[in-house]
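These numbers come from the heavy atoms of this one structure, side chains and all, not from hydrogens, waters or symmetry mates. Atoms within a ligand are numbered from 1 in the order they appear, just like the ligands themselves.
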Amino acid sequence: MTDTTPQAWAEQPAEKALTLPSRYFYDPQLFAAERDRIFMSAWHFACHVNELAEPGAFVVREIFDQSVIVIRDRQGELHAFHNVCQHRGNRLLNETRGVQKGVIRCAYHSWCYGLDGSLRAAPRSDRIAAFNVDDYHIPPVRLEVFAGGVYFNLDPNATDMQTLFPGAEAAIREAIPDLDAMQLIQEDDVIVPANWKVIMDNSIEGYHFQLSGPHHVDLAALIDFDGYRLTHHDNWWTYGAPPNADAKQAYGVSLDRPPGNGDGFFNIGIWPHNTFYQFPFSQCMGTFMIIPLDAERSILRFGYYTPHDTLPEVTKASMRWMNEELGPEDIELNISVQKGLHSLGYDQGRYMIDAARSNESEHLVLHFHRLVFQALHGDASTPQEAPS
Ligand code: FES
Ligand SMILES: [Fe+2]
C-alpha cells in the first residue's frame, strides 16, 4: 500500500486488503489512543454472577491504573465502585476476591463504607465543621449483568450491553445451556509480552490450526474442521465447529460415548477483549480475557467454570491441555510475532481472505481490525470535511 492515510486503509476491499501497519502493535501513542477510545469505555468482564452469590462477596478488577470493586450487598444488590477512599485516596481493597463481613474499612484513618460505596462513618468527623457523610459516597462505576457475566464500564455514558451486542446472549445460551449454573474452579493470569491485538488475532482465525504446532493439529482433529465457521455480528463474533464424529479420544483420554449435542467447539468474542469458549468434548466453560497492560504487554486471564461437582476426566484433561499444551503453543507464537513486528523488513502483510472457506480464512481478523481502526480514527472512509 503506497497511500498510508487512514482513509486509504479503511477503503481497501477485503479480498485485497493489507494488514494494519505494524506500528499499530507497538507504538505507545497509538496504544494510548486505544486506551482512551476503546478500553476506557469498554465493557470489561469482571466475573460470573455466581462468584458473587453470597452477601459481601466481591472481586477487585484492574484495568490500567484503575481499580474497581464489584460487590454484592446484604440486600442482594450488586454494586461497582472505584476502589479508593474518599479521604486521602488510599486504595481500599487489595485482595482480588473475598467476602466482606462488615463495612469496608480504610486501612489509613478507618473511614468506613457500606457495601454500596456510601460513607458510614469517619472517626472524629463530629469535631469537624460542616462534615456530612453523604458528601463522600465513592463514585459508582457502571455495572451490568449480561449472559451470566458481571461487567463493568468506566464510562458512565456507555451504551448498554443488550444494545451493543444484540443476539450475543442468545448465542451463548444456545451453545452453553448450563451457563447459569457455572461455578469458577480455576483462574490464572499470565503476562504475555505481546500487544493485545496480536493475541486476539491469533485466537480468531483457523488458518494456523493445521499449519502451526502439534497441539493445534490435535485441536483440528477433535472437530469437524471443514465445519469450522467464523462469523461476525458487528461488535461480537462467534467461531466454532461440530465435534469430529470419529474422535475416539480427546486430550489423551478415551471417549466412552459417541459425540453428542454440546460436544462441539464454541467461542464467542464480545468487543473488544472478552472471550468465552467451550472445548470439544469438555464440559466446562473457559474465559479468555486479554487485558492490556501497555503497548507490548497483556495479561491473559484463563478462567474455568463448570456446572459439575465432580469434573469428568476428559474435562479435567482439556483444562490441563489448554494450560500446558495449546495455550503455551499460541503464547509462543504471539511473543514471536510481537518481535517480528519490529523488524525493518516488515510493515504490512496480506489478510488471507477465502470467502469459500471460513475455517481457513482471516476475515474475522480483518473485521476486528476494522473495529479497532474505526474506534481510533472514526469513520476514516468519510473525510471529516466532506460537504454535506
Ligand atoms: S485515606 Fe482512607 S481514611 Fe484516610
Ligand atoms: Fe491458536
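- Atom 4 (Fe) of ligand 1 sits nearest to atom ND1 when only the N, O or S atoms of H87 are considered.
- In this structure, SG of C85 and SG of C106 enclose an angle of 110° at atom 2 (Fe) of ligand 1, rounded to 10°.
- Listed here is the closest heavy atom pair of H216 and F209: CB-O, 3.1 Å.
- Between S110 and P123, the closest heavy-atom pair is O-CD, 3.4 Å.
- Close contacts between ligand 1 and R88 involve ligand atoms 1 (S) [criterion: under 4.0 Å to a heavy atom].
- Per-residue contacts place W111 under 4.0 angstrom from the following atoms of ligand 1 (heavy atoms of the residue considered): 3 (S).
- Heavy-atom neighbours of R74 CZ from other residues, nucleotides or ligands within 6.0 Å: above the threshold of 12.
- Taking the six-membered ring for Trp and thresholds of 30 and 60 degrees, F265 and F279 have nearly parallel ring planes, at less than 30 degrees apart.
- A distance-only check finds no donor-acceptor pair linking the side chain of E296 to the backbone of N195 [under 3.5 Å].
- Of all the atoms in ligand 1, the ones that sit under 4.0 Å from a non-hydrogen atom of Y108 are 1 (S), 4 (Fe).
- For residue D330, an N/O/S atom approaches the Fe ion (ligand 2) to within less than 2.8 Å.
- For the residue pair H308 and P312, the shortest heavy atom distance occurs at CD2-CD, 4.3 Å.
- Sorting the N, O or S atoms of H109 by how far they are from atom 4 (Fe) of ligand 1 puts ND1 first.
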